[in-house]
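First up is the structure itself, then whatever we jot down about it.
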Amino acid sequence: MAQCVQFVEEFVQDSFVPMVAVLCSEEAERATRKNNLNFTELLRPFCRLTSEGHIRDPNNQLQVVKNLRICVNNVMTNPNTASAALSPAQRRLLNEVVLSCQPQEGAVTNVITAGDYNLNFNATTPWFKAYRENFLQTMPASDHEFLNHYLACLLVVSSTEAVPVEQFLKLSQEQHRIQHSGEYTNPKWFIPNTLKYYVLLHDMSEGDEQRADVLYEDMKQRYGAQGCYLLKINSRASSTAEDEQIPDPWSQYLHRNNLQNQHYIVCVVTCNGVSKSYIASRTQLYVYGVSNSLESHPLQLDEGSDPESTAGGAGSHGVCLTLNDHDHIRQFIQEFTFRGLLPHIEKNIRQLNDQLVSRKGLSRSLFTATKKWFGGGKGPEKSVHEPKSTCGLLYPPEAPELQIRKMADLCFLVQHYELAYSCYHTAKKDFLSDQAMLYAAGALEMAAVSAFLHAGAARSYPAHYMDTAIQTYRDVCKNMVLAERCTLLSAEILKSQGKYSEAATLLIKMTSEDSDLRSALLLEQAAHCFINMRNPMVRKFAFHMILAGHRFSKAGQRRHALRCYCQAMQVYKERGWALAEDHINFTIGRQSFTLRQPENAVLAFKQILTNDSRQMATQQAAFLREYLYVYKSVMGEKEASLPMLPLPCIHSSATRVYFGHERRLAEGEKQAATHVSLDQDYDQDLAAMWCHLEEQLVASANRGTVPVNFQQTQCCLNSQTDNLRHPLAVVEEPMIVELTFRNPLKVSLALSNLSLLWRFTPDAASPSKEKMPEEFMGETITNEETLALGVGQQTANLMVVRGKQDLMIQGPRLNQTKEDKMLVRHGPDRRLDPIITPNMPLMEVFFLHFPTALLCGEIRKAYVEFCNVSSVALSGLRVASTHPDFFTFGSQATTPVTPLSPTSAKNCSAYKTLATVNQPGSVAFEVLVSAEDFSQLSTVVEIPIEGNVLEPGESTQLPLWLRGPDQEGVHEINFLFYYESVEKGTKISHRVLRHTVFICASRSLSVQASASRSSVPPHHCQDDKGCSGTLVVIDVENINTSESGVREFHIVQVSSSSQHWQLHKCINPARDKDCKLTSRERAKLCFRAKRCKPHQVTSGGMEKYTFADLNLGHERIVSSSTPCGDFFFHCCRTTESQRADVESSRTSSSSKSQDPSEDKASDLNNIVKKCNELDLNIIVIWKAFVVEDNKQLILEGQLHVALQTIGKEATSLTPKEEAQEMVLLKFKSEQPPPVVVPSAELSQLIKTNLHYPETYTHPFVQNSLCLVPVTLTLSNCSPAHVDIIVDLRHKSTSPESLEVHNSFNWVGQTQYKLQLRPEEVLCLTLQACFIQAGVYNLNTPRVFAKPAEQGTMCETSQQTSSPALIIINNA
């Protein structure tokens, strides 16, 4: 903020001072020119009075005049007129004034801390003070005010004149002619009777001093002692001037004059419709205007302008003056002011007061009315009504309103602010009533200033007066000169009162497009107002500094513009204002380069390119061009050291390091293992899955335990992997470093000749540096594009700069100890610091005939090839997978070597088949297989290669059987191959190879199976004596969609595998051909199952499984061999693991209960469970006929259904997981409900069966009672003793049964209490009695059963079964 050296009151006083004109004779000018000065310049340093003066007001009250300054100017009669706009010459003058005043290095600065901002800026703005002073001094004279009209005229004649009195007469007449002839409108004079003060100038080095004294005495007689003065100068010769050092008080004044244009400029200004002209002085330019034209640059000078003043040539000023001469001049000014000027002003104030009182008929002087204004009463007006006309009216010179204004100006000039305010206030009312807006605005302005300067006033500063005056000047009168003067005065007054917000608002309102320099200075002052408030407004300070810098730049003030932008940058830097930072840095860079500060320009442009830019592409291209141009101009042709480049940005943390060869692509029908590539993104879940598989493989190779020093194999390192340890790389194997380049701009960048610099440190040797050039030419990268070294394309015709960038990777932040949490510490990241190890084996895996789509349960045979491409033999080949039931390598004992049937060979069947003859009623083929024959039942599979070693350069090919997943959809299946080196003790213990495939599984068949006990009694079974009467019903549905091209499915065989049960025979009515199913067709197959023979359950303490095959065609597929048996055991293992999880959860929950009643209930459940256990696994083998490319293909597969319980249906489809329902949160534990065994389960203990004739004929005429024998068969299905109660007294009373069936009675014993041994069958002979013919339901006996050790009987489910109907006919 512009902090004046003087106080605000002094600044305002010096803005309005008494004006004195000067007319000199030629001889007088010649005498003063010896000092390189004219007469006015000679007086200027001494125009401020050091002593007090006094005047008396119209009430004869003494008023003190302190620190008065007068302004002395030559009278120039060039006819020019005041203008409301600056002329080009004045614009150049003010530009030069501001340009010549720059902040000095090491100047005092202010440091302000506001929040988290620490700002450092200039304490003072001397350029604004210089501008303001020059602007106020060049204010033109106007008709609506008299402050800058001449009050007096100094007539200066040299004592060397022959007749000085005649010269005085000529000068007096010239002054009278200029003022009263009407030829000149300028200069303007305050009153008609201008004070003439006669000065006799005596040159001590030439003239006769006695003659001068005589002439002066004559002048006192002629003009009076108070109207003339003898001034003696040049007391020493110019030849002796170099001997003494005399102070030069003129330099500070003449320096400003040297910047002024020395040409006479004629301007015209129109105020209120009247044009007036005046003549501008050579030394004081009274023209102020603004040009809207941009024809010339602000710093361009006219060719004819002379930078040196004509009065001040080369050399110093006042060379012929002594200190006594200085005192003479100072005394002359004091005498003139106190004895001539102040009495003249006092006399005119009295005269004007008397005239106004007489004209307006006032009973008292204006001075007596000031108590009303300053002592109280109603406040001044807050606003001025809008005028009806912007032109207003003109007053004649003798108008009372102008006389009041003239008296007010005289009082103001002699510091009588109380009377001045009263007059201004009175004049303001008169002007407003007459709609003279220019006069009213002037009165409002000076009334506000008078109120501020009057120290004893009871009223505060009326800022609204100033606001109204500014608005009227600017909007109504269109006079920006007066509006700017009013703004400068009011802003300083408001700042002195601490009203920075109001001052800033005032300054901002005065900015406009007509003057960039004025707008820049005022915006800068507004910014300083914001930062000096009680609560500094930092962002407003920065924003207005930016605006000021922009206007400074438009005005050609580059240094000031750079300073403003640098100060604003303190606020916007690193605060998230991306666009603002870009604009500021770009401007700072351009201005710095223009001012020949290229290093600062490079730093500024670098900030634009480093940060993320949100600019448009065209703007970013401009930024980049500027930076490259500046960069090349700074660096030149330096090639010795490469500088750091800001572009492109390298994401160091995103750097990826790949160890090993990139995988080979597919070769013909061979498909290479996917392994790890740079194209794959890192996934935390996948990494955990691979780590889990590797742990399984390592544990399998180390007898089931994972070594303590186990480290996961990481082929590709990135920011998410564990980089705390040095990675291990194998000698002679490549390492690929992938760098992520990010172009923050929207403009393409061309990169060429990239090289990766590296350092190698051998064992027990000092570090050495070496370059490894991996060049690629001209790769163009765009935003967020990843570029790996080693590829590229040629580009040309680009601006090229050379440089480098450091690749430093910061490790993860530590957060373990308390110090780590308190401080910001980062751990190491060693992905770029590998340890080189000796040679290791390297294996490649290829797949042949590997499908991408399968039907659910489809069996497909593929081949896998293992190649050792290293110079070291490998061994211990294993594989682990996320889907171990998806594939099998088979077992040596069960793998078919060659096809055993022509059909199998023709259709390339994956199964082992045998030709058979399909005969009706044939029983199943049984094969007893040990689970040990299928050794590969764990999650880790050892790959059976010959000798378990693969020598260098060798390859082997093995068959691989695949089975489609049971659930449709896309399945991601992962394989992890493990191998070791035959040489032990290496740093790398093993190596792995990854492979990921995606299999699309589509629907095939849906198999649902259920088992139920046969209603035929065991002794009625004719096929097999040991048959237990269990029926298995298999429901097969074709759920395949027609899109897959499957024409139909054939059910070729149904097999079973179990340790306890087996399928015995098919009891379907029609079994003469294959079961064919087209789309959405269903078929039911019914089989009889039986228990395995006791000697087949165990043999030698090993688990034996009975495979029973029931083929429905002419071929039998050996289900106990590969691949059918392998996939069965895979599926069986998965089912058993799920069942074990359920059983373990039940066991853990039941072990918590200690209640004896609960123990009994659990025993009962076990009994019921054992009663209904089946444990029969069904294998449905099918073939599908598919039309593809006009060719018919035969696909084959198998589906598994595990029947665990009689009466519960099982399916081959995987059940979908249902969303868990929300359960209300319970804060109080509830008592467990009592365990109740459902009767439906207890009813499974006993099977009942009624045997009777379907029809019975009886002659009711002969015998009214018909007795029919009925046999009730009771079968104990449980392995425990069961107590049974048979009650025949029950009758069905439901209305539905009465409507359909007639009533009958049982005769004989009506209740039986029996006990059946485990699996015992008992037959009871009953008799039913009928009294008439009809249809009867015999299923009325109630049978209750319970285990022998339990106390609760439960009714069996026979009552809910189908009715047993008998027809009684009358003979």
Side-chain angles (χ1 to χ4, degrees), residues 857 916-928 1005-1018 1020-1038 1049-1077 1081-1093 1096 1105-1120 1124-1125 1128 1131-1132 1172-1183 1198-1212 1247 1277:
T916 60
V917 178
N918 187 10
Q919 296 180 358
S922 60
V923 297
F925 295 94
E926 301 177 9
V927 178
L928 196 65
L1005 297 176
S1006 169
V1007 179
Q1008 294 180 349
S1010 61
S1012 61
R1013 300 189 186 276
S1014 174
S1015 60
V1016 180
H1020 290 171
C1021 181
Q1022 301 176 0
D1023 297 336
D1024 193 349
K1025 190 175 182 180
C1027 179
S1028 62
T1030 300
L1031 299 180
V1032 177
V1033 178
I1034 299 176
D1035 189 352
V1036 184
E1037 181 184 3
N1038 181 2
F1049 284 90
H1050 287 208
I1051 310 299
V1052 297
Q1053 181 172 305
V1054 178
S1055 302
S1056 68
S1057 175
S1058 175
Q1059 294 178 272
H1060 308 286
W1061 291 83
Q1062 70 176 62
L1063 292 179
H1064 178 59
K1065 61 184 296 184
C1066 179
I1067 57 175
N1068 259 23
R1071 249 189 359 79
D1072 55 343
K1073 57 182 179 179
D1074 291 349
C1075 181
K1076 299 180 181 179
L1077 297 176
E1081 283 189 347
R1082 300 182 65 174
K1084 280 187 180 293
L1085 302 176
C1086 188
F1087 300 89
R1088 185 180 299 277
K1090 69 175 184 176
R1091 288 185 178 272
C1092 298
K1093 296 179 181 180
Q1096 292 178 327
Y1105 286 82
T1106 301
F1107 281 82
D1109 300 332
L1110 286 170
N1111 60 306
L1112 305 180
H1114 299 286
E1115 284 184 345
R1116 183 173 74 89
I1117 296 174
V1118 183
S1119 61
S1120 58
C1124 184
F1128 161 72
C1131 180
C1132 182
N1172 295 324
E1173 271 188 356
L1174 187 62
D1175 189 21
L1176 179 63
N1177 298 286
I1178 306 298
I1179 304 173
V1180 178
I1181 301 175
W1182 51 264
K1183 288 186 179 181
Q1198 64 188 57
L1199 297 174
H1200 307 134
V1201 179
L1203 283 173
Q1204 302 297 331
T1205 307
I1206 294 177
K1208 287 189 178 180
E1209 191 177 58
T1211 179
S1212 63
K1247 273 292 185 182
C1277 301

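Everything numeric here is computed off the predicted structure, so don't read it as measured data.
Taking each heavy atom of Phe1107 and Ile1179 in turn, the nearest pair found is CE2-CD1, 4.4 Å. Taking all atoms of both residues into account, the shortest heavy-atom contact from Cys1066 to Leu1110 is N-CD1, 4.1 Å. Of all non-hydrogen atoms in Lys1208 and Leu1203, the two that sit nearest each other are O-CD2, 4.1 Å. Taking all atoms of both residues into account, the shortest heavy-atom contact from Ala1202 to Ala1210 is O-CB, 3.3 Å. Closest of all the heavy-atom pairs between Cys1124 and Val1118 is CB-O, 4.3 Å. Taking all atoms of both residues into account, the shortest heavy-atom contact from Val927 to Ser1120 is CG1-OG, 3.6 Å.
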- Take Gln1008 and Ser1006 through the side-chain hydrogen bond (donor to acceptor under 3.5 Å, both in side chains) test and state the conclusion after the steps. CA-CA 7 Å; Gln1008 294 180 349; Ser1006 169; 4.6 Å; no
**Report entry** Leu1005/Asn1038 under side-chain contact (heavy atoms from CB on, under 4.5 Å): CA gap, chis, key distance, verdict
**Finding:** CA-CA 5 Å; Leu1005 297 176; Asn1038 181 2; 4.0 Å; yes
Chi angles and distances behind the side-chain contact (heavy atoms from CB on, under 4.5 Å) call for Asp1035, Arg1082:
CA-CA 7 Å; Asp1035 189 352; Arg1082 300 182 65 174; 2.2 Å; yes
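Taking CZ of Arg1088 as the reference point, atom CG of Leu1063 lies at 12.0 Å (rounded to 0.5 Å). Atom OG1 of Thr1030 and atom CD1 of Ile1206 lie 5.0 Å apart (nearest 0.5 Å). Atoms OG and CZ, from Ser1055 and Phe925 in turn, are 11.0 Å apart once rounded to the nearest 0.5 Å. Remark: Lys1247 NZ to Ser1012 OG distance equals 7.5 Å, nearest 0.5 Å. Rounded to the nearest 0.5 Å, atoms CZ (Phe1128) and OG (Ser1056) are 9.0 Å apart. Summarising the geometry, atom OG1 belonging to Thr1106 is positioned 11.5 Å from atom CG belonging to Asn1177; distances are rounded to the nearest 0.5 Å.
In terms of the side-chain hydrogen bond (donor to acceptor under 3.5 Å, both in side chains) criterion, residue partners of Glu1081 (sequence neighbours excluded) are, by chain and number, Thr1078. With sequence neighbours excluded, the residues satisfying side chain to side chain contact (heavy atoms under 4.5 Å, CB included) with Ser1058 are His1060, Trp1061, Asp1175, Leu1176. Ser1057 meets the side-chain hydrogen bond (donor to acceptor under 3.5 Å, both in side chains) test with no other residue; sequence neighbours excluded. Partners of Glu1037 according to the salt bridge (Lys or Arg N to Asp or Glu O under 4.0 Å) rule, which considers only residues two or more places apart in sequence or in another chain, are Arg1080.
Side-chain atoms of Glu1209 and Thr1211 form no donor-acceptor pair, as typed in the model, at a separation below 3.5 Å. For the residue pair Gln1198 / His1200, a side-chain donor-acceptor distance below 3.5 Å is found, with atom types taken as modelled.
The shortest distance between side-chain heavy atoms of Ser1212 and Val1180 does not fall below 4.5 Å. Under the 4.5 Å side-chain criterion, counting only non-hydrogen atoms from C-beta, Val1007 is in contact with Ile1034.
Side-chain atoms of Gln1062 do not come within 3.5 Å of backbone N or O of Ala1108 as any donor-acceptor pair.
Tested against Ile1181, the residues Leu1199, Val1052, Val1054 include a single side-chain contact (heavy atoms from CB on, under 4.5 Å) partner, Val1052.
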